[in-house]
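Since the structure comes first, as structure tokens, the remarks are kept for the end.
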Number of protein chains: 2
Amino acid sequence: MHVFDRSTAHASLSNEAIEVIRWEQFQGTDRLPFHGMWYSVFPGQSSPRDQHPELELSLVLAGVAEVEAADGTITRVPSGSGFLLAGQESHIVHNSSPDTPVVVFSAYWMPEGHPDNAGVENGQGADQ
Amino acid sequence: MHVFDRSTAHASLSNEAIEVIRWEQFQGTDRLPFHGMWYSVFPGQSSPRDQHPELELSLVLAGVAEVEAADGTITRVPSGSGFLLAGQESHIVHNSSPDTPVVVFSAYWMPEGHPDNAGVENGQGADQ
């Protein structure tokens, strides 16, 4: 068994708005059919607008993610629930809480048939 | 965007020890390169011993999962962290808390090269 311990993992990006912890740092993640990462959106902050060819499944681990689509629609996804973004679907994650970080686990993978879909071993992919 | 709302999903199994909510009930999950489910282990309870050919990645959404391996070793995995089980790796999830359910999201998929690995559309797979 491999354990992926968020408390001891190192962040690849951290600023006043978000923190990103990529799973490539863990042994065993090369056996997953997707890339993995955790990201946090701090209280009162928003992620940068993001858009990428990979599909992305997000599970909300803490807080309430307010997911803004390209047309400005905002969908609230509470802790325990998930959301799936299609490839090239633009998104921003807002956190309107004054005190609770939003913490998300994301799995992301190239769509079948995409020219870059040569496995998930190249360490590139969805970015917050 | 597809939202997978745990609060309105229906359980495929529920007894005094565990509850299992499979993702096949949601539109859009046929686009995932894995099957998905949530399961809960209620306070003071344990899941049945489980063993299956699929690899299984679990994210702990609430509580502390105490994962028992085949040799009896128990690994504590707190909320926010994850664990990956190899195919055929026997496991039990215990919850020693007197009052907090353990809630887990699991992604599971057949290993590459397995004769049954003809995609994830057949609705069969890892069982708690």
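In what follows, every chain begins at residue 1, and chains take the letters A, B, ... in the order their sequences are listed.
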**Request:** Rounded to the nearest 0.5 Å, what's the gap from CG on A/Leu84 to CZ on B/Arg31? Could you check?
**Result:**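 The CZ atom of B/Arg31 is 6.5 Å from CG of A/Leu84, to the nearest 0.5 Å.
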Within residues 58-68 of chain B, contacts to chain A at heavy-atom distances under 4.5 Å involve B/Leu59, B/Val60, B/Leu61, B/Val67
Are [X] and [Y] connected, step by step, through hydrophobic side chains (Ile, Leu, Val, Met, Phe, Trp, Tyr) whose heavy atoms are closer than 4.5 Å?
X: B/Trp109; Y: B/Phe26; answer: yes
X: A/Val41; Y: A/Val20; answer: yes
X: A/Val102; Y: A/Leu13; answer: yes

Is there a side-chain contact between A/Leu57 and B/Phe34 in this structure, where contact means two heavy atoms from C-beta onward sitting under 4.5 Å apart?
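Counting from C-beta outward, A/Leu57 and B/Phe34 do come under 4.5 Å.
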Applying a strict 4.5 Å limit to non-hydrogen atoms, the region of A/Val103 in contact with chain B is neither
For A/Glu89 and B/Met1 the tightest heavy-atom approach is OE2-N, 2.9 Å
- May I ask you to check whether over 12 heavy atoms, not counting those of A/Arg49, lie within 6.0 Å of atom CZ?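 Counting neighbours around CZ of A/Arg49, more than 12 heavy atoms of other residues, nucleotides or ligands fall under 6.0 Å, so yes.
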Return the option, out of A/Val3, A/Thr73, A/Val77, A/Thr75, with the maximum number of heavy-atom pairs under 4.5 Å with chain B.
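Looking at each option in turn, the highest pair count goes to A/Val3.
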Pair count under 4.5 Å, heavy atoms only, with chain A: among B/Phe105, B/Trp23, B/Phe83, B/Phe4, highest is B/Phe4
A/Ser81 meets the side chain to side chain donor-acceptor pair (under 3.5 Å) criterion, sequence neighbours left out, with none
